Amino acid sequence: MEFLVRFWGTRGSIPTPGHATKRFGGNTSCVELNIDGVLMICDGGSGLRELGLSLSAQAESQVEAHMFFCHMHWDHIQGFPFFVPAYSNQSKLYVYEVARNERCIREMLHGQMSSDYFPVQFTDLGAQILSANLQGGSTTIDGVTVRLFEQHHPGRSFAYSFEKGGKKFVYATDNELDLTLANREESLSDLEAPRRLPDAFIDFIRDADLLVADGQYTDQEYPAKVGWGHARANTVVDAAIAASVKQCAIYHHDPMHSDSVVDSIVTAAEARTQARGSAVTVFGAREGMALKL
Ligand SMILES: [Zn+2]
Ligand SMILES: [Zn+2]
C-alpha cells in the first residue's frame, strides 16, 4: 500500500514570500495525500496553485481529486482560482460538504470568484465540480475511511482523519486547542505542566502515524491572542503525546515567524517530548516536504 503526504503550503493567515521564510515556506495551507493512487487534498490555500502546476506537468489533464476544506477563511481557499486542473473539462473535483444548514462550500468557492474579486467566473471553470457529502461525520472513498471532527475556531472549522491499511493521517488546523483545556488558567501560568485536553479530540487523533496540527503560537505569544482560533505549539505536543501519535508536524506557521523562530518553536517542542519521555517525533511542516506513512 502507498500512503504519501506532501506539503504544498504550511503558512497560516496570509502568504509570506521572502528570504526570512524560504525554508518552511510562504504558501498558505495545502496538503496532498496520495493513497494508492487516490488523490485527496486538504485545503486550498496558495499552495494549491503549486500542486495544480505539478499535476499538470505530470500530463494529467484528467485530474480526479477529493477536496476537503477545514473552513473558508482566505488562507484555506485563495489558491482555488489558480488551480489549473479546475480549468480542464476532463477534471473531476469532489468538494466535501461538512455541515448542515449552512452555505455550502461549493457556493462559497463561487463567492471568492465573483467579478468584484476575480476575472474568471466559477461557472467558466471546465472541470466537473461536484458536492460530496460528509455530513454524517464519516465516509469511505476507494477504501479510505475519512472522518470529521469539529474544532474550536471563529466561524467553525473541521479536522479530518484518513485511514487505510492500518495507517492513519490527521489534518487538524485552525483549532484553538488551548480554549478546550480542562486546566486552561493554570496552563497559562505553569507552562511546564502537562495540558489536560478533552478526551474527544485525543480519541480523534489517537495512534495517528502523522498528525498535522495548528501550532501557530509560542507559549509567550498566546495570552495576547486568546480567541483568535489558533493553538500554542506546546499544547499540540501534549495532545500528540497523550494520543500516542507517532509523528507530529507543527503547521499553520504564523506570518510573523521567520524560519529561525519556527526552528526555536520546534526545538522547544522536542525538549518537551524528551522531558516527558515520549517517543513522538515532532517537526515543523515544510513546503515541499514529502513523507511516506
Ligand atoms: Zn488559517
Ligand atoms: Zn481560520
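Here the structure is a predicted model, which is why all the values come from computation and not from measurement.
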Chi angles and distances behind the salt bridge (charged side-chain N to carboxylate O under 4.0 Å, His left out) call for Lys164, Asp142: CA-CA 10 Å; Lys164 187 178 182 186; Asp142 290 337; over 6 Å; no
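- Rounding to the nearest 0.5 angstrom, the gap separating the CE atom in Met256 from the CD atom in Gln216 is 11.5 Å.
- In the hydrophobic clustering of this structure, Leu291 does not group with Val262; members are Ile, Leu, Val, Met, Phe, Trp, Tyr whose side-chain heavy atoms approach within less than 4.5 Å, directly or through other members.
- At distances below 3.5 Å, at least one donor-acceptor pair connects side-chain atoms of Gln112 with backbone N or O atoms of Ile77.
- Ring geometry, Phe169 versus Phe162: the interplanar angle falls from 30° to 60°, so the pair is classed tilted.
- Taking each heavy atom of Asp209 and Gly166 in turn, the nearest pair found is OD2-O, 3.8 Å.
- In this structure the side chain of Arg184 reaches within 4.5 angstrom of the side chain of Leu179, judged on heavy atoms.
- Nearest approach of Pro81 to Met113, heavy atoms of both residues: CG-CG, 3.9 Å.
- Atom OH of Tyr96 sits about 14.0 Å away from atom CZ of Arg106, to the nearest 0.5 Å.
- Here Ser157 contributes atom OG and His152 contributes atom NE2; the two are 10.0 Å apart, rounded to the nearest 0.5 Å.
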Side chain to side chain donor-acceptor pair (under 3.5 Å) between Glu221 and His257, worked out: CA-CA 11 Å; Glu221 287 167 329; His257 289 172; 2.6 Å; yes
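- Side-chain contact between Arg276 and Asp238: present, with at least one pair of heavy atoms (C-beta onward) separated by less than 4.5 Å.
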Pair Asp43-Leu48, side chain to side chain contact (heavy atoms under 4.5 Å, CB included): steps then yes or no: CA-CA 8 Å; Asp43 278 334; Leu48 181 66; over 6 Å; no
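- Under a cut-off of 6.0 angstrom, the local environment of CD1 in Ile14 is sparse, with at most 12 non-hydrogen atoms contributed by other residues, nucleotides or ligands.
- In the hydrophobic clustering of ILVMFWY residues, with side-chain heavy atoms under 4.5 Å counting as a link, Val282 and Phe24 come out apart.
- Using a 4.5 Å heavy-atom cutoff, the side chains of Glu32 and Leu39 are in contact.
- At least one side-chain heavy atom of Val236 sits under 4.5 Å from a side-chain heavy atom of Leu177.
- Between Glu150 and Leu148 the shortest side-chain heavy-atom distance does not fall below 4.5 Å.
- Two different hydrophobic clusters hold Val98 and Val170 under the rule that ILVMFWY side chains link at heavy-atom gaps under 4.5 Å.
- Considering every non-hydrogen atom in both Asn183 and Pro194, the closest pair reads ND2-O, 3.3 Å.
- Expressed to the nearest 0.5 Å, how far OG1 of Thr235 lies from OH of Tyr217 amounts to 12.5 Å.
- For Asp263, the CG atom is densely surrounded, since the number of other residues' heavy atoms within 6.0 Å is greater than 12.
- Clustering ILVMFWY residues whenever any of their side-chain heavy atoms sit less than 4.5 angstrom apart, transitively, puts Val95 in the very cluster that holds Trp8.
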Ser54 vs Glu50, side chain to side chain donor-acceptor pair (under 3.5 Å): CA-CA, chis, key distance, verdict: CA-CA 6 Å; Ser54 162; Glu50 312 261 351; over 6 Å; no
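- Panel note: side chain Asp178, backbone Arg232; a donor-acceptor pair is recorded below 3.5 Å.
- We find that Lys225 and Asp254 are not joined by a salt bridge, their nearest charged nitrogen and carboxylate oxygen being 4.0 Å or further apart.
- Judged purely by atom type and a 3.5 angstrom limit, Glu287 uses its side chain to pair as donor or acceptor with the backbone of Gly26.
- For the atom pair Cys30 SG and Met67 CE, the distance stands at 7.0 Å (nearest 0.5 Å).
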Side chain to side chain contact (heavy atoms under 4.5 Å, CB included) assessment of His153 paired with Asp214: CA-CA 11 Å; His153 193 71; Asp214 168 1; 5.5 Å; no
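- A continuous path of Ile, Leu, Val, Met, Phe, Trp and Tyr side chains, each step under 4.5 Å between heavy atoms, connects Ile41 with Leu109, placing both in one hydrophobic cluster.
- Side-chain atoms of Glu97 come within 3.5 Å of backbone N or O of Ile105 as a donor-acceptor pair.
- Counting only heavy atoms from C-beta outward, the side chains of Phe149 and Ser161 never approach each other to under 4.5 Å.
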Worked verdict on Lys168 versus Glu163 for side chain to side chain contact (heavy atoms under 4.5 Å, CB included): CA-CA 4 Å; Lys168 178 174 177 180; Glu163 289 177 73; 3.6 Å; yes
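- Between the side chain of Thr173 and the backbone N or O of His252, no donor-acceptor pair lies under 3.5 Å.
- The six-membered or imidazole ring of Phe118 lies near that of Phe82, with a centre-to-centre distance under 6.0 Å.
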Audit row: Val5, Val31, side chain to side chain contact (heavy atoms under 4.5 Å, CB included) steps and yes/no: CA-CA 7 Å; Val5 180; Val31 174; 3.7 Å; yes
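- Looking at Asp36, its side chain does come within 3.5 Å of a backbone N or O of Glu2 through a donor-acceptor pair.
- Within the model, atoms CG of Leu293 and NZ of Lys246 stand 9.5 Å from one another, a figure rounded to the nearest 0.5 Å.
- Minimum heavy-atom separation, Gly227 to Pro154: O-CG, 3.6 Å.
- Between Asp75 and Arg11, the closest side-chain pair of non-hydrogen atoms is not below 4.5 Å.
- A ring-centre distance under 6.0 Å is found for Tyr251 and Tyr171.
- When atom types are taken as modelled, the side chain of Ser46 and the backbone of Thr28 share a donor-acceptor pair closer than 3.5 angstrom.
- Screening Tyr94, Phe158, Tyr160 against Phe68 for a ring-ring contact (aromatic ring centres under 6.0 Å, His included) leaves a single residue, Tyr160.
- Remark: of the listed residues Arg156, His73, Gln151, His76, His76 is the sole one forming a side-chain hydrogen bond (donor to acceptor under 3.5 Å, both in side chains) with Asp174.
- By the 4.5 Å heavy-atom criterion applied to side chains, Asn234 and Arg195 are counted as neighbours.
- Judged by distance alone, with hydrogens and angles left aside, the side-chain atoms of Asp219 form no donor-acceptor pair with the main-chain N or O of Leu191 at under 3.5 Å.
- In this structure, the side chain of Ser91 engages the main chain of Pro85 through a donor-acceptor pair within 3.5 Å.
- Side chain of Thr273 to main chain of Glu270: a donor-acceptor pair is present (N/O by atom type, distance under 3.5 Å, no hydrogens or angles).
- The two residues Leu125 and Ala86 come nearest to each other via the heavy atoms CB-O, 3.4 Å.
- Among all heavy-atom pairs drawn from Gly44 and Phe69, the shortest one is N-CE2, 3.7 Å.
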